[in-house]
Amino acid sequence: MTLKLKRLLRPAPHLERDPAQHALLVLIGAALALGAAIGIAWAAGFGRVLHQLGHVDPIWLPVAFGMEVAAYFGYVVAYREVARVEGGPRLGLGRAGAIVAAGFGAFVIRGGFVVDRQALETAGLEPRDARIRVLGLGALEYAILAPAAALAAMILLARGATHPSLGFTLPWVIAVPLGFVAAFAALGYHHRVRDEPGWRAVLRHLLEAVEVLKKLASQRAEYGGAFMGATLYWVGDVGCLWASLRAFHDSPDLAALVIGYATGYALTRRTLPLGGAGSVEALVSFALAWTGIPLAKAVLAVCTYRIFNLWLPLLPAAIGLRHLKRWRELAAPTR
């Protein structure tokens with residue numbers, strides 16, 4: 001690797017700001033996504049993939065786009081609510097939208113939560129408070145998706161469905177309720193965990209995230225928008241994938257689709273480097289195939305979904321990063 005390439009890939013002190021670095025990261029993300037798509041198409045059979053590609057039904061593409069727009073709006077609403085909990089900053093729709101768009105883009109090599117933390121610090125929060133809210137945002141995402149996946153798994157088990165297999169459904173049915181019980185039971189020991197490096201720091205961070213979730217839930221009248229926004233985000237994003245599958249003449253069972261989606265997103269894409277380029281294409285495609293969807297249709301649907309989910313939002317993400325840089329520069333003299 002050349003010295004110039006190393007310099008471009010090196011994380012900047014705050015956000016990746018260099019336009020050349022932005023372009024390089026996008027190219028790397030595109031290469032990873034294309035490589036993953038080609039690999040999966042090879043596994044499915046290039047002939048089958050090309051046959052399905054020649055029979056696309058374009059009427060579903062605007063539906064997929066609309067669902068993804070709704071998903072982004074829902075995340076902006078949830079983000080604003082989490083930011084202002086416990087007297088935090090009240091972000092306008094424009095500012096919150098810029099942060100969300102930047103965090104979902106392929107420009108951030110360390111994942112979108114880095115953008116969230118630094119943006120909240122710029123808005124006036126101390127680093128620790130900003131980190132706690134970002135972790136709480138992640139907990140809120142899973143607090144909606146995990147129960148939905150568990151419910152979908154229960155429905156499939158009650159039907160006696162063979163796709164997906166028990167290896168997919170049982171972990172959701174068992175682990176999600178146990179995980180919620182364990183997490184909230186552990187809150188009683190929150191203040192006994194010292195803020196030290198190592199596993200104690202990781203445990204404390206997890207408990208702080210659950211604490212934010214508990215505060216949101218205990219004051220639903222005040223922060224109910226957080227749960228509604230997060231729900232709209234997941235509904236819109238799953239809806240985008242569903243419409244993308246319909247474009248290739250597949251009518252997936254909704255419960256099976258939720259299981260495949262949730263399994264493919266073991267880590268939400270805001271936590272993944274470069275917007276999950278490459279990893280999402282591979283994991284979600286195979287997860288859908290394991291639920292019974294033909295792999296040729298799955299890979300085409302996921303690639304279509306990623307056009308609306310990642311690649312079309314690149315321009316808003318670039319604009320969002322530009323605004324975040326300007327806000328940070330304006331805030332710097334006063335901090």
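In this chain, residues are counted from 1 in sequence order. All values below come from the heavy atoms of this structure, side chains included, with hydrogens, waters and symmetry mates left out.
Between L245 and W60 the shortest side-chain heavy-atom distance does not fall below 4.5 Å. E81 is not listed as a side-chain neighbour of V85, based on a closest heavy-atom distance of 4.5 Å or more. Under the 4.5 Å side-chain criterion, counting only non-hydrogen atoms from C-beta, F286 is in contact with L295. Looking at heavy atoms from C-beta onward, M67 lies out of side-chain contact with D237 at the 4.5 angstrom threshold. When side chains are defined from C-beta on, L157 counts as touching L170, because their heavy atoms get closer than 4.5 Å. At least one side-chain heavy atom of V49 sits under 4.5 Å from a side-chain heavy atom of V299. Proximity of L91 to R84: side-chain heavy atoms (C-beta onward) are nowhere separated by under 4.5 Å. At least one side-chain heavy atom of L241 sits under 4.5 Å from a side-chain heavy atom of L288.
We find the CZ-CD distance between R133 and E208 to be 11.5 Å, quoted to the nearest 0.5 Å. Note: L300 CG to H51 NE2 = 11.0 Å, rounded to the nearest 0.5 Å. With values rounded to the nearest 0.5 angstrom, Y142 atom OH is found 13.5 Å from L213 atom CG. Taken from CH2 in W172 to CG in L151, the straight-line distance is 12.5 Å, to the nearest 0.5 Å. Taking CG from L310 and CD from E68, the interatomic distance works out to 9.5 Å, rounded to the nearest 0.5 Å. To the nearest 0.5 Å, atom CG of residue D129 and atom CG of residue L120 are 10.0 Å apart.
Taking all atoms of both residues into account, the shortest heavy-atom contact from G29 to W311 is C-CH2, 3.7 Å. Across every non-hydrogen atom of G264 and L283, the tightest pair is O-CB, 3.6 Å. A130 and E121 make their closest contact through CB-CG, 3.8 Å (heavy atoms, listed as atom of the first residue, atom of the second, distance). A150 and V176 make their closest contact through CB-CB, 3.9 Å (heavy atoms, listed as atom of the first residue, atom of the second, distance). The two atoms that bring A78 and A226 nearest to each other are CB-O, 3.6 Å, heavy atoms only. Closest approach of A96 to V76, counting heavy atoms only: CB-CG1, 3.9 Å.
In this structure a side-chain-to-backbone donor-acceptor pair under 3.5 Å is present from W234 to E141. For T263 (side chain) and G260 (main-chain N/O), no donor-acceptor pair under 3.5 Å exists by modelled atom type. Between the side chain of R117 and the backbone N or O of R131, no donor-acceptor pair lies under 3.5 Å.
A ring-ring contact (aromatic ring centres under 6.0 Å, His included) with Y233 is found for exactly one of F73, Y79, Y72, Y75, namely Y75. With I259 as the partner, the side-chain contact (heavy atoms from CB on, under 4.5 Å) test is satisfied by one option alone out of L156, D253, I155: L156.
I59 CD1: 12 or fewer foreign heavy atoms inside a 6.0 Å radius. Within 6.0 Å of CZ in R246 there are more than 12 heavy atoms belonging to other residues, nucleotides or ligands. Within a 6.0 Å sphere centred on CZ of R48, other residues, nucleotides and ligands contribute 12 heavy atoms or fewer. No more than 12 heavy atoms of other residues, nucleotides or ligands sit less than 6.0 Å from atom CZ of F65.
V115 and L93 end up in the same hydrophobic cluster when Ile, Leu, Val, Met, Phe, Trp and Tyr side chains are linked at under 4.5 Å. Cluster annotation: I99 is connected to V212 through the hydrophobic network of ILVMFWY side chains, with a link wherever side-chain heavy atoms come within less than 4.5 Å. Linking Ile, Leu, Val, Met, Phe, Trp and Tyr residues whenever their side-chain heavy atoms come within less than 4.5 Å leaves I307 and V63 in two separate clusters. Both L145 and V100 are part of a single hydrophobic cluster, where members link through side-chain heavy atoms under 4.5 Å apart. Linking Ile, Leu, Val, Met, Phe, Trp and Tyr residues whenever their side-chain heavy atoms come within less than 4.5 Å leaves V280 and F308 in two separate clusters.
Listed by first and then second residue, the side-chain hydrogen bond (donor to acceptor under 3.5 Å, both in side chains) pairs involving residues 275-298 are E281-R306 (not counting sequence neighbours).
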> Between F248 and V56, is a side chain to side chain contact (heavy atoms under 4.5 Å, CB included) present by the stated rule, with each step listed?
Replying inline: CA-CA 5 Å; F248 294 98; V56 62; 3.9 Å; yes
